[in-house]
K.L.:
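Just dropping this structure here.
Per chain, numbering begins at 1; letters A, B, ... match sequence-line order.
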Amino acid sequence: MIEAAIPEPTARRHWWTSPSFLIGAALTLTVVATALLSYVWTPHHPTQMAILNRLKPPSSANWFGTDQFGRDVFSMIMVGARNSLAVGLGAVGFGMVLGTTLGLLAAMRRDGLLDNAIMRSADFTHAFPAVLTAIMITAAAGPGMLNAVIAIGVLNLPYFARLARGSALQVWTRDFIQAARGHGLSNWQITLRHVLPNIAGIITVQATIQFALAVLAEAGLSYLGLGTQPPNPSWGRMLNEAQTFMAVQPWLAVFPGAAIAVTVLGFNLLGDGLRDALDPRVRRAR
Amino acid sequence: MTTRREFLAGAGLEALAAQLPVIALAQPKDSVTIAMTLEPPTLDPTSGAAQAIREVTLQNIFEGLVRMDRTGKIVPCLAESWEVAADNLTYRFKLRTNATFHDGTPFTSELVKFSFERAVAPDSTNAQRQLFAPIAAIETPDPVTVVITLKQPTANFLYGLAWGDAVIVAPASAANNKTSPVGTGPFRFVRWNRGDRLELARNDAYWGAKPALAKATFRFISDPAAQVASLRAGDVDAQTNLAAPEAVAQLKADPKLKVAFGKTEGEVILATNNAKPPFNDLRVRQAIAHVLDRKTIALGVYGFDVDLIGSHFSPLHPAYVDLTNTYPPDLAKAKALLAQAGHPNGFTCTLRLPPPAYARRAGEIIAALLAQVGINARIEPLEFPQWLERVFRGKDFDLSVIAHTEPLDIGNYARDDYYFQYRNPEFKALIAKIDVTLPEAERNALYGEAQRILARDAVNGFLFVLPKITVTAAGLEGMWTDWPLPITPLAEVVWR
């Protein structure tokens with residue numbers, strides 16, 4: 001009886017054949033594979049300078065050309081993927097774990113003091129423009145990759161807290177929760193055994209979409225010099241440095257720009273595809 | 001009734017009117033628009049340190065007793081001539097008799113006394129008060145004579161009088177010079193639209209040779225891309241120092257423009273905290289010096305060759321000695337020196353960088369070079385106020401990259417409290433001696449000695465001098481292409 005009321009964890013249709021999921025997964029896999037490959041192989045050392053070989057156009061030796069210090073742009077893009085994903089993973093992980101926990105807690109203590117405190121704090125954080133807040137946090141805490149992770153993570157918090165609370169509240173009204181309560185389970189046990197598994201799908205979808213935004217935010221912070229620090233390659237900083245060479249060597253801006261676009265598009269499409277598969281509301285609407 | 005004469009007169013006038021535009025076109029252009037990167041905060045060079053104030057006002061609106069010419073030589077200005085007494089303590093200046101301020105106030109010896117006393121008054125904000133510190137007394141026996149007595153012989157006294165901080169101002173106008181400057185120079189102030197432009201016009205009552213230009217406009221364009229665009233579009237006739245070195249090739253290829261590479265007094269150094277381990281060890285500093293491949297660094301920063309330095313001295317000065325080979329690039333030697341100093345595997349330190357592109361780019365290259373011998377220099381970018389607070393005032397740094405733009409500033413190395421904390425009694429004694437040595441050849445020899453000591457002690461990493469990239473329209477001549485003082489005098493600028 002309980003089983004019947006819970007939305008099924010897998011979809012009935014072949015959702016994995018949807019174009020947005022396929023394209024998103026392909027792009028995301030490419031980026032992730034590139035990032036992983038960069039740990040064992042890059043065509044050149046990504047931070048090795050060769051000043052005499054500066055600002056060269058793409059060639060068989062340097063597939064994406066070289067930058068103002070003669071570094072290989074292709075190798076830098078590869079290692080940059082690693083850094084972008086690491087910041088995305090850290091920031092979204094931080095926001096997801098903490099935000100979901102707070103959201104579940106708020107749902108459990110609905111309309112209580114704790115619920116109000118958590119949700120008003122989330123509203124407060126949410127009220128500030130996201131990237132501006134990230135700039136403020138990194139400017140105050142000092143530039144660097146870890147601070148960028150924390151800054152972007154803090155911005156992710158309210159999204160997950162609100163989503164987790166709203167979805168959990170829906171689950172709490174279900175009959176099987178009453179049944180569970182009848183079995184003598186405590187609020188904590190119900191939250192962990194029944195509420196969390198039921199909202200996991202929707203949280204995953206949100207995480208994928210937030211991931212795209214986090215990659216974009218990291219690029220923005222690095223562009224302003226507040227994210228990943230030199231000599232560690234970063235797409236955002238590469239874009240910033242390419243700007244002064246736009247009139248002379250435009251491809252310097254094209255490649256990091258394309259890398260950011262591909263990654264953001266990939267995660268967005270993947271998020272759409274997953275939502276179609278996992279969100280019961282969307283499925284029912286079909 | 002129209003008589004024949006009236007008709008002819010009318011026709012003549014018409015013919016004249018038709019010809020007028022043609023005549024105007026045939027005459028050489030007599031106005032110029034010059035772009036510079038930074039806007040001055042005020043227009044009074046005696047009120048603050050900002051270099052941009054001097055760049056627009058010195059030798060244009062304001063003048064001193066002497067001035068520096070484009071080669072760095074001190075030549076007469078408001079003082080027609082001067083005599084220095086045998087004891088090197090008394091300077092007797094003979095003044096110009098035909099100089100007046102733009103508001104008609106005649107220039108007299110009283111105004112010299114007023115200006116110099118004003119500069120050291122308690123409420124003065126003069127940025128270089130030490131220029132006037134050696135003065136014991138200023139006497140004005142008659143309106144065209146000033147006698148200045150010094151407390152002790154001061155070798156660079158006249159040199160200092162050529163700076164913007166020592167210009168002559170008049171009591172009636174001095175208070176308003178920040179916004180409507182009144183001086184004795186070849187150009188007078190017309191209008192200042194803050195954030196955009198400053199307009200000057202020829203001073204037709206000027207005591208010296210009349211400038212060729214009737215009108216001059218300074219425009220303030222800080223964005224490097226906008227500088228390039230304005231030059232190419234012909235919106236401006238010149239840029240005093242281009243902030244976009246990467247665009248040089250593009251501008252050189254433009255037949256409407258001329259690009260000149262000049263020297264400045266801006267020594268770019270890898271500033272090193274001499275009081276902090278491990279940099280207090282000479283061998284560590286020598287090792288760093290052996291790693292710094294100046295040619296590579298300069299090429300990576302600018303993309304073309306600039307003047308390299310081996311000590312804290314600009315090649316613009318006649319006393320310059322080429323010491324770039326004191327510690328030639330040699331990684332094996334650097335590693336050996338590090339091992340001797342007890343760091344066979346190198347060490348980790350910070351490299352705090354201010355915002356200018358030359359510092360950020362040079363810093364990144366230097367970090368990569370140092371990594372070759374195991375020195376892991378972590379780059380920390382700082383904003384300028386932070387840099388001044390932490391590095392310059394707080395001395396809280398290991399390494400940094402910065403340009404020292406004051407002319408002839410080697411004396412800073414004799415200051416114990418200066419941020420790189422070099423303490424050498426031998427060097428201090430030498431600078432004290434230079435200060436009282438007046439014969440030029442002798443003094444230059446001592447400056448050479450001072451350069452050698454700094455190079456030998458590898459006090460800082462000495463890299464290159466900031467280049468001055470002057471871009472002008474093809475027909476414009478007479479702009480300063482070197483910067484013994486970072487100023488843009490317009491008196492000799494002319495269209496050909």
K.L.:
Which distance, rounded to the nearest 0.5 Å, do you find between the OG1 of B/T296 and the CZ of A/R54?
P.N.:
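Here the rounded value is 11.5 Å.
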K.L.:
Please give me the minimum heavy-atom distance between B/P381 and A/G225, naming the atom from each residue.
P.N.:
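Of all heavy-atom pairs spanning B/P381 and A/G225, the closest is CG-O, 4.4 Å.
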K.L.:
As an exercise: rank B/Q386, B/R378, B/E364 by heavy-atom pairs under 4.5 Å with chain A and give me the winner.
P.N.:
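Sorted descending by pairs with chain A, the first entry is B/E364.
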K.L.:
Nearest 0.5 Å please: distance from the CD atom of A/Q243 over to the CD atom of B/E246.
P.N.:
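Reported to 0.5 Å precision, the distance equals 10.5 Å.
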K.L.:
Where does B/R361 contact chain A at under 4.5 Å (heavy atoms): side chain, backbone, both or neither?
P.N.:
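Answer is both: backbone and side chain atoms of B/R361 are under 4.5 Å from chain A.
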K.L.:
Counting only heavy atoms not in B/K395 (residues, nucleotides, ligands), do more than 12 fall under 6.0 Å from its NZ?
P.N.:
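Above 12, so yes.
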K.L.:
Below 4.5 Å from any heavy atom of chain B, which atoms of A/E241 appear? Answer side chain, backbone, both or neither.
P.N.:
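Contact with chain B involves the side chain of A/E241 alone.
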K.L.:
Using non-hydrogen atoms only, which part of B/Q250 is less than 4.5 Å away from chain A: side chain, backbone, both, or neither?
P.N.:
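For B/Q250, the contact with chain A is made by the side chain alone.
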K.L.:
Please rank A/I51, A/L226, A/V248 by heavy-atom pairs under 4.5 Å with chain B and give me the top one.
P.N.:
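Between A/I51, A/L226, A/V248, the count favours A/I51.
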